[in-house]
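In what follows, chains are A, B, ... by sequence order, proteins preceding strands, each numbered from 1.
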2 protein chains.
Amino acid sequence: MVLINRKDLIDLFHENGYKVTPQRLAIFECIMGRRDHPSASEIHSELKREYPTISQATIYNTLHILRDIGAIQELGFEDGKTRFDPDTSIHVNLVCTACGKITDFTDEDLVKAWIGMVEKTAKKTVGQRLDLYYKCTHCSRMVSE
Amino acid sequence: MVLINRKDLIDLFHENGYKVTPQRLAIFECIMGRRDHPSASEIHSELKREYPTISQATIYNTLHILRDIGAIQELGFEDGKTRFDPDTSIHVNLVCTACGKITDFTDEDLVKAWIGMVEKTAKKTVGQRLDLYYKCTHCSRMVSE
DNA sequence: CTCCTTATTTGTAATTATTCTAAAGTAATA
DNA sequence: TATTACTTTAGAATAATTACAAATAAGGAG
């Protein structure tokens, strides 16, 4: 699990020539604070309480910057929504195909095999995404009832 | 590499209570025929030559059915587009982050580690997605020039 | 083979996530 | 503190996907 703290984030912004604004910090801390890989609109809804005038454009702009500087991982889904994960390390996203709940999972053997595979491809990696799709116990119950 | 042939697909449709139509077969064969994980609109454009009146709704409807019966894998991306892979086995999608080109890659050790990881999670898997993001040689050249 | 029922296709409108734009605001530097 | 460029904002524009109702066709019964 690789999670960036506030100070490192501020440094990252400066290193990359971006200014530090309260909105940018709040957006990152929103993603860090919740463990559920929120979408842009979920982040917007949550932050409107603290910043009533925060706009969608700021949310999207900041999310793209955070992705570009490697502070978060962006996960596009088939429902058209994109969700954001503050853990940029090699890990598995356990995704319930019914309710959409996402849980992170790390497995050392898999990480080793992944790194080995990357070496075999001889590619300069800029990121990865490992999803496991399943039905969570709650959603399995729903169907069988 | 798990690729379904035409006869198996027809059986799959019948087993799942779906009718077999020329459009459905053509859409599947379009995805099978090209090796580039096309998007819905790319499939639509290609098939309009053979079926000038084919509608977007049919494309989307069929793609969702193909996904539901396990004939294809659906890959949502951050740019809002969804692309379709006729290989539903455990394999890596090598994705160029600049031009979007996708190449499939299979690594036996990684497959073993993945299966082991799935057992550890004790989840009933319904699918998976393994993406490796990189810049292809062509796009790397573009940047350095 | 023909008819009938029902699923499917079609064309278009509606929806929704994301991007664009230009004016107003603010972080960072001197 | 003043300046300047970057950032935020609000709202319009864009583009992928979905919804809908009428027309069409697959597949089973006779």
Side-chain angles (χ1 to χ4, degrees), chain A residues 6-7 9-28 30-31 37-69 71-72 74-84 100, chain B residues 6 9-28 30 37-69 71-72 74-84 100:
Chain A
R6 187 191 180 95
K7 186 185 171 311
L9 179 67
I10 291 174
D11 290 344
L12 256 183
F13 276 134
H14 286 148
E15 282 164 27
N16 288 279
Y18 293 109
K19 291 183 176 172
V20 176
T21 69
Q23 291 93 331
R24 288 179 176 172
L25 294 176
I27 289 165
F28 182 71
C30 171
I31 300 171
H37 305 61
S39 66
S41 71
E42 286 167 341
I43 296 167
H44 191 207
S45 300
E46 177 167 333
L47 291 183
K48 270 197 287 198
R49 269 177 267 152
E50 197 180 348
Y51 298 89
T53 65
I54 198 166
S55 76
Q56 299 186 70
T58 300
I59 305 287
Y60 281 105
N61 173 45
T62 299
L63 289 171
H64 293 156
I65 292 171
L66 289 170
R67 175 202 56 199
D68 293 343
I69 65 179
I72 61 174
E74 192 175 1
L75 302 172
F77 286 97
E78 302 75 40
D79 63 3
K81 281 189 186 163
T82 298
R83 300 173 60 176
F84 299 88
Chain B
R6 188 192 180 94
L9 180 65
I10 292 175
D11 290 344
L12 254 185
F13 276 136
H14 286 148
E15 281 164 27
N16 290 277
Y18 293 109
K19 292 183 177 173
V20 176
T21 68
Q23 291 93 334
R24 287 180 178 174
L25 293 176
I27 289 165
F28 182 70
C30 170
H37 305 60
S39 66
S41 72
E42 286 166 342
I43 296 168
H44 191 207
S45 300
E46 177 167 332
L47 291 183
K48 270 198 287 199
R49 271 178 267 151
E50 196 180 349
Y51 299 88
T53 65
I54 199 166
S55 77
Q56 298 186 71
T58 299
I59 305 287
Y60 282 104
N61 173 45
T62 299
L63 289 170
H64 293 156
I65 291 171
L66 289 170
R67 176 201 57 200
D68 292 342
I69 65 179
I72 61 173
E74 194 175 359
L75 302 172
F77 286 97
E78 301 75 42
D79 62 5
K81 280 189 186 162
T82 298
R83 299 174 62 175
F84 298 88

Tell me, do A/Ile54 and A/Lys48 make a side-chain contact under 4.5 Å, heavy atoms counted? yes
In whole Å, what is the span from the [atom1] atom of [X] to the [atom2] atom of [N]?
| X | N | atom1 | atom2 | value |
| --- | --- | --- | --- | --- |
| A/Leu66 | D/dT7 | CG | P | 12 Å |
| A/Glu42 | C/dA17 | CD | P | 10 Å |
| B/Arg83 | D/dA16 | CZ | P | 13 Å |
| A/Asn61 | D/dC6 | CG | C1' | 10 Å |
| B/Glu78 | D/dA15 | CD | P | 19 Å |
| A/Arg24 | C/dA28 | CZ | P | 10 Å |
| A/Gln56 | D/dA13 | CD | P | 15 Å |
| B/Tyr60 | C/dT16 | OH | P | 16 Å |

Ignoring the backbone of B/Pro22, work out which of D/dA26, C/dA28, D/dT17 is nearest its side chain. D/dA26
Base, sugar-phosphate alone, or nothing: which one does [X] contact when heavy atoms must sit under 4.0 Å apart?
| X | result |
| --- | --- |
| B/His44 | nothing |
| B/Gln23 | sugar-phosphate |
| B/Thr82 | sugar-phosphate |
| B/Thr58 | base |
| A/Lys81 | sugar-phosphate |

Taking for each residue the nucleotide of DNA chain D bearing the nearest heavy atom, is the 5' side occupied by B/His14 or by B/Ala57? B/Ala57
Here the pair of heavy atoms bringing B/Ala40 nearest to B/Ile59 is O-CG2, 3.8 Å
May I ask you to verify if any side-chain N or O of B/Thr21 is less than 4.0 angstrom from the OP1 or OP2 atom of C/dT8? no
Any side-chain N or O of A/Ser55 less than 4.0 Å from the OP1 or OP2 oxygen of D/dG11? no
From A/Phe77 atom CZ to A/Thr82 atom OG1, the distance as rounded to the nearest 0.5 Å: 9.0 Å
Comparing nearest nucleotides in DNA chain C, the 5'-proximal residue of the pair A/Gly80, B/Ile65 is B/Ile65
Just by distance, do the side chain of B/Asn61 and the backbone of B/Ala57 share a donor-acceptor pair under 3.5 Å? no
Is there a donor-acceptor pair under 3.5 Å between the side chain of B/Arg83 and the backbone N or O of B/His37? yes
